[in-house]
Participant: 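One structure is given below, represented as structure tokens, and several questions about it will come after.
Letters A, B, ... mirror the listed sequences (proteins, then strands); counts begin at 1. Excluded from the calculations below are hydrogen atoms, water molecules and symmetry mates; all remaining heavy atoms, backbone and side chain alike, are included.
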Amino acid sequence: MIFDGVKFLILPNASTAALQFITKLIEDNGGHVIERMSEVHGKILVLVNDSYVTEDYKLRDEKYFRKEFQLDYDAVWQFIFDHDLPCLNVSSVSDWIAKGELNVAHIALIDTSALENDETQENFPSSSANSEQPSPACTAEMKDTKTSHSESETDIEGFVEMSPSSNSPMPAPSVIPDPPVIKANEKYVRLTEIPRMNSQLIDAMQRLYKKYDIKGDHFRSRGYKLAKASIEKCPFQIKSGEQAQLELANIGPSIAKKIQTILASGTLPGLDDSSELDQRLEYFTNCHGIGTHTAKRWLALQYTSFTDVLRGSPQEFVSGWPSLLGWSYFEDWSRKISRTECEKHLSVVKQCLSEIDPDCQVELQGSYNRGSQTCGDIDLLFFKENCDNLVVIAEIFERLVSLLHSRGYIQCILQLTPDLFDEFKSKLKGIFDKCELPFPAKNHFGNDRHIHKYYLGVKLTKHQYRSEELLRAGQYLHLKPCDNFMSSSSKKSENPCRRLDFFCCKWSELGAARIQWTGSGEFNRWIRLRAAKMGYKLTQHGLFKGGQKLESFDEGVIFDTLDVPRIPPEEREQGLWMTKLNEKNTVA
DNA sequence: AGGCAATACTG
DNA sequence: CAGTAT
DNA sequence: GCCT
């Protein structure tokens with residue numbers, strides 16, 4: 001369907017009958033219309049009620065517009081500015097449906113200068129970029145339009161037609177020399193295609209990233225990951241490798257050359273033929289506990305499946321028993337988790353926690369906290385007001401895990417204390433028995449009394465679970481048939497086992513801990529690198545200088561000290577934060 | 001040419 | 001310490 | 001891989 005996976009935000013609201021009809025149209029065609037602030041993240045197409053858009057694409061009746069606003073006015077606009085989200089007329093929807101394609105390969109600007117969201121410099125002069133030639137037929141897949149004059153990346157500027165059904169061409173817009181450069185927080189919102197601009201290049205970067213990632217070539221892999229992020233946030237169509245290298249961050253000579261090859265030939269040699277060996281490597285590393293080293297070692301021993309390993313080197317699974325669980329839940333743990341399910345898990349844990357220590361608090365971190373629609377796992381951070389004694393928390397943890405296990409919620413645990421071993425013993429023995437491995441002695445499983453993090457496998461009950469959440473969650477990995485006998489994963493539409501992580505922190509380190517566990521990983525690396533360059537050290541325990549702790553409780557102070565804006569969690573996804581302070585890519 | 005985040009847990 | 005995880 |  002033409003709107004598959006596309007999120008729309010209708011402003012100021014979607015309450016009128018006409019807009020409800022539009023909403024239904026969108027959803028009937030696979031799209032989603034945002035209703036709550038918590039859904040405002042990621043890539044969104046913003047649709048503005050036509051009655052608030054003037055003929056020259058400015059916002060009108062701002063007072064009413066604001067009054068009618070359904071969500072947080074300032075927050076929404078901030079988000080739109082920060083991410084250069086495209087704003088279109090709602091009537092575009094019927095156009096797309098009539099044409100059978102989501103064609104946003106035009107660039108239009110809705111002038112939002114009426115908004116008093118000012119905080120940076122002066123307004124831009126009133127020039128707003130206009131279309132040069134409406135070419136309704138051209139899609140994102142445009143060819144050589146005109147010669148690229150200057151560096152104007154824009155080839156395709158034109159306004160989207162307003163009339164739902166009529167094909168009357170747009171009134172020829174006045175031609176203005178160059179579109180203004182769009183930067184965050186300026187008074188213009190750029191309309192750009194959202195679904196996948198430069199999708200072929202992004203896909204290539206993704207594959208190259210993956211290729212070197214599983215090979216363990218950490219830094220090269222990261223190079224591609226960052227390049228991918230740069231391209232993803234690139235608002236225009238890349239036309240040459242040289243251009244990309246010149247205008248985007250994280251594109252060097254090597255990637256520029258590859259881009260050029262892709263643009264010229266349509267493919268990159270050696271990309272599609274992901275070798276047989278790479279595929280085996282990837283299969284192994286998709287198992288929790290199996291990294292690139294182990295995978296390579298197994299490959300060298302000619303193993304193709306976990307069953308091969310079990311037969312040839314059974315010791316691998318005895319010493320690395322967590323990977324036995326990774327094998328068992330290989331499929332379930334590759335499935336994505338909906339936000340609503342994350343919330344249910346939180347409430348289950350909260351309930352038990354309150355029975356153990358009502359003063360101990362827990363909150364969702366990780367990708368959930370960053371606003372992702374689906375999460376790979378669930379990260380929970382525990383803390384207790386005015387409590388810096390981690391032994392106390394560790395004891396709460398142990399009792400909590402025990403209680404959750406006794407209620408059937410916890411399916412397995414990837415790390416044990418001596419006490420918990422007794423409770424999980426039979427479950428573990430069952431797994432060892434299933435693959436006919438000798439069950440090791442107790443002291444083989446974990447001797448630390450106090451543990452500050454737990455990696456768990458958990459399940460909601462069928463009653464708590466709504467299977468339609470699962471159906472939406474998409475594809476997941478599968479074991480090879482010969483490995484299936486060890487699988488504990490759920491059937492098609494049953495409640496799957498989920499990965500749940502427990503972390504804890506001292507009360508005094510709450511801010512630093514939240515930064516760490518909210519992530520993203522790339523965000524942590526970026527901000528920590530920045531801290532290091534400034535002579536600080538940032539960890540989950542706090543911000544330090546010269547071995548001395550400067551701040552750890554107040555997240556905001558840490559950001560302030562590092563001289564970065566207080567970036568909210570939703571903007572800590574890959575790629576979004578980079579451009580903020582990374583001077584290079586705001587080049588005109 | 002050298003750096004690329006920083007830390008926790010396990011065998 | 002190396003390996004895997006966050 | 002890219003950046004300094």
Participant: Taking D/dT4 as the reference, what is the distance to B/dA5 when you measure between their P atoms (whole Å, please)?
Facilitator: 14 Å

Participant: When you get a sec, tell me which of B/dA5, B/dT7, D/dC2 is the closest nucleotide to the side chain of A/Asn524?
Facilitator: B/dA5

Participant: Let me know the distance between CG of A/Leu201 and P of D/dG1, rounded to the nearest Å.
Facilitator: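 Atom CG in A/Leu201 sits about 16 Å away from atom P in D/dG1.
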
Participant: Could you state the atom-to-atom distance from CD of A/Gln516 to C1' of C/dA5 in whole Å?
Facilitator: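 So the CD-C1' distance, A/Gln516 to C/dA5, works out to 11 Å.
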
Participant: For A/Phe503, report the nucleic acid contact type (base, sugar-phosphate, nothing); a contact means any heavy atom under 4.0 Å.
Facilitator: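 Sugar-phosphate contact only - A/Phe503 comes under 4.0 Å of backbone atoms but never of a base.
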
Participant: Quickly, which of A/Trp327, A/Trp298, A/Phe330 forms a ring-ring contact (aromatic ring centres under 6.0 Å, His included) with A/Phe284? Name it, please.
Facilitator: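 The option that passes is A/Trp298.
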
Participant: With a 4.0 Å cut-off on heavy atoms, is A/Asp217 in touch with a base, just the backbone sugar-phosphate, or nothing at all?
Facilitator: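 Contact class for A/Asp217: none.
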
Participant: Tell me whether the side-chain N/O atoms of A/His452 come closer than 4.0 Å to OP1 or OP2 in B/dC9.
Facilitator: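 Indeed, a polar side-chain atom of A/His452 lies that close.
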
Participant: Is there a side-chain polar atom (N or O) of A/Trp321 under 4.0 Å from OP1 or OP2 of B/dG11?
Facilitator: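 Affirmative; the distance criterion is met.
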
Participant: Please name all residues satisfying side chain to side chain donor-acceptor pair (under 3.5 Å) with A/Thr561, sequence neighbours left out, ordered by chain then number.
Facilitator: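 Once residues adjacent in sequence are excluded, A/Thr561 has no partner under the side chain to side chain donor-acceptor pair (under 3.5 Å) criterion.
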
Participant: CZ of A/Arg220 versus P of D/dC3: gap in Å, rounded?
Facilitator: 15 Å

Participant: Rounded off to whole Å, could you give me the NE2-to-P distance for the A/His218 and D/dC2 pair?
Facilitator: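 Whole-Å distance recorded here is 16 Å.
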
Participant: Among B/dA6, C/dT6, B/dC9, find the nucleotide with the atom closest to the side chain of A/Thr539.
Facilitator: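 So the side chain of A/Thr539 is nearest to B/dA6.
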
Participant: If only side-chain N and O atoms of A/His541 are considered, is one of them under 4.0 Å from the OP1 or OP2 phosphate oxygen of B/dA6?
Facilitator: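 For B/dA6, neither OP1 nor OP2 has a side-chain N or O of A/His541 closer than 4.0 Å.
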
Participant: Could you give me the CA-CA distance, side-chain angles and deciding distance for A/His345 and A/Tyr409, then say whether ring pair (Phe, Tyr, Trp, His ring centres under 6.0 Å) is met?
Facilitator: CA-CA 9 Å; A/His345 287 276; A/Tyr409 175 66; 5.7 Å; yes

Participant: Out of C/dA5, D/dC2, D/dG1, which has the shortest distance to the side chain of A/Asn250?
Facilitator: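 So the side chain of A/Asn250 is nearest to D/dC2.
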
Participant: What integer distance in Å separates A/Tyr224:OH from D/dC3:C1'?
Facilitator: 16 Å

Participant: Contact class for A/Ile290 vs. all strands (heavy atom < 4.0 Å): base, sugar-phosphate, or nothing?
Facilitator: sugar-phosphate

Participant: With the side chain of A/His293 defined as its heavy atoms from C-beta on, choose the nearest nucleotide among B/dG11, D/dC2, C/dT4.
Facilitator: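 My answer, after comparing the listed nucleotides, is C/dT4.
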
